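Here the structure comes first, spelled out in structure tokens, and everything after it is commentary.
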Number of protein chains: 2
Amino acid sequence: MIKRPAKGASGAGAHDERRIPNATVGRLVTYLRILDRVRQDGIERISSAELSERAAVSAFQVRKDLAYFGSFGTRGAGYAVASLSKELEGILGLSRSWNVAIVGVGRLGEALAHYPHLERYRFLLRALFDVDPEKVGRTISGAHVHPVDRLADVVRDLRIDIALLTVPADAAQPAADRAVAAGVTGILNFAPVVVTAPPHVHVEPVDFLAGLKRLSFHLHDADAPAVDVVPGDARAEPA
Amino acid sequence: MIKRPAKGASGAGAHDERRIPNATVGRLVTYLRILDRVRQDGIERISSAELSERAAVSAFQVRKDLAYFGSFGTRGAGYAVASLSKELEGILGLSRSWNVAIVGVGRLGEALAHYPHLERYRFLLRALFDVDPEKVGRTISGAHVHPVDRLADVVRDLRIDIALLTVPADAAQPAADRAVAAGVTGILNFAPVVVTAPPHVHVEPVDFLAGLKRLSFHLHDADAPAVDVVPGDARAEPA
DNA sequence: TATTGTGAACCGGTTCACAGCG
DNA sequence: CGCTGTGAACCGGTTCACAATA
């Protein structure tokens, strides 16, 4: 039943048996969301066609994505919503909790701290950091705001896994370096700069300004046919 | 074979018929940022190698990306920072201004409204919308908060180009539909759902929750925690 | 029969080697 | 001689056709 990344086999997961396309990981997140939604409607089974339509991708894509990790469906019938949901949670590492810290308590940092879905998905806000003494000492969503000088200690003590970087562009790379040195292995970078880190650390950019500028390109480009991303057609299997 | 580069200064009518990879567009944004930064340091010329290093990509990639649009460099020497900057701005459609509206005045919507770089890049906040009567009537960063019922009228009157969707997941698709019907052609979707739109509308997702979950996957994957009994091969994989 | 699972073809983007030019 | 510009090879991800099977 429990199929782990790629072929199960014995021994610990260790190395990557198969390289998972980054795009696939992103779609798995989408599938999981859809399954959660669908489950709330009391639906217990779903086909790859139906799932694909809601995710705005092809049914082939859905099946291929899932196939990287095992066989979760039933031929003839589709997938059991509850069990596939569980599987995806396991695959995505969402069946455990993660300790997160927010570095940079500006408007965005504060907005994130208050975001209710964080805790819901077991991303536990454990600490915040800021240079401004004015902000240090406050408690937001149950977490303390520390001075950045204390970052190393606090990150180590609280075993922070992931840092949410919401500092100004200039401060992003230094902050990332410090977080990494203190043991963080995941960085969600909201700053509008490229942040680099050693290979064992994963950096995910969340760059709305860049998104805005990509939009600008496409609108400016006027009649150019849609490039990527835009669904445009949600065709399933050709009849 | 025939490649009609959209060269020719930063003229407006530069809609080329070449398919630009979405990833390329994203990198152009990065290059432009780097050039702006570099220019502030008084540097006037830069090579593809140097640019590529700061953007964390290969030099081949930089040259190929630029080649989609023309030849902006000087062989032997590199690129003139100022002029390449100008070119990229033109290509990305950043030499004109765009009218934007924020739909959903929660914490995130408000944080975005106060973001100073918006105006700096000529994304002009013209209106905000919310269902909450409590919020309607306020003025944030010089823009009025309207009831969502008025969305169609206001979007049309103010010629809004881009909608920033900062509403809850359930409200995202309906809000997008209304914005599109009123003439918006670009949507920056912050809600954690797939939003679809007709082909002439471009949707860019900015999904930090998804980013967090992708991080979770990678950390989970690399993690070989198993408090003990981890068969050899403890090395992290290279790039 | 309906729908999943998958090897193989296909396509697009990245990498490369080198031609072109200052 | 150095660095850009680009046709071509390469590679990874998507698409597809079909075999497997409940």
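In what follows, chains are A, B, ... by sequence order, proteins preceding strands, each numbered from 1. Note that the structure is predicted; figures quoted are calculated from it, not measured.
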Nearest-Å distance, [atom1] ([X]) to [atom2] ([N])?
X     : N      : atom1 : atom2 : value
B:Y31 : D:dT4  : OH    : P     : 12 Å
B:F72 : D:dT6  : CZ    : P     : 11 Å
B:L66 : D:dT4  : CG    : C1'   : 10 Å
B:R63 : C:dT14 : CZ    : P     : 15 Å
B:D65 : D:dG5  : CG    : C1'   : 13 Å

Requested in this report: First locate atom CD of B:E204, then atom CD1 of B:I162, and finally report the distance between them rounded to the nearest 0.5 Å.
Outcome: 10.0 Å
Closest to the [X] side chain: [options]?
X     : options               : answer
B:T74 : C:dT6, D:dG5, C:dG22  : C:dG22
B:Y68 : C:dT14, D:dC3, D:dG5  : C:dT14
A:F60 : D:dG13, C:dT6, D:dC16 : D:dC16
A:K64 : C:dC21, D:dT14, C:dT4 : D:dT14
A:S58 : D:dG5, D:dT15, D:dT14 : D:dT15
B:R75 : C:dG20, C:dT6, D:dT6  : C:dG20
A:Q61 : D:dT4, C:dT4, D:dT15  : D:dT15

Query raised in the report: So, is A:R45 near the phosphate of C:dT3, with a side-chain N or O under 4.0 Å from OP1 or OP2?
Result: no
Query raised in the report: What does A:A23 touch in the nucleic acid at a heavy-atom separation under 4.0 angstrom: a base, only the sugar-phosphate, or nothing?
Result: sugar-phosphate
Query raised in the report: Is B:R39 paired with B:D36 through a side-chain N to carboxylate O contact shorter than 4.0 Å?
Result: yes
Query raised in the report: Taking the side chain as C-beta and beyond, is there a heavy-atom pair between B:R63 and B:Y79 under 4.5 Å?
Result: yes
**Report entry** Nearest-nucleotide 5' precedence on DNA chain D, B:S47 against A:N22
**Finding:** B:S47
Query - Aromatic ring pairing A:F208/B:F190, orientation class (parallel under 30°, perpendicular over 60°, tilted between) - result: tilted
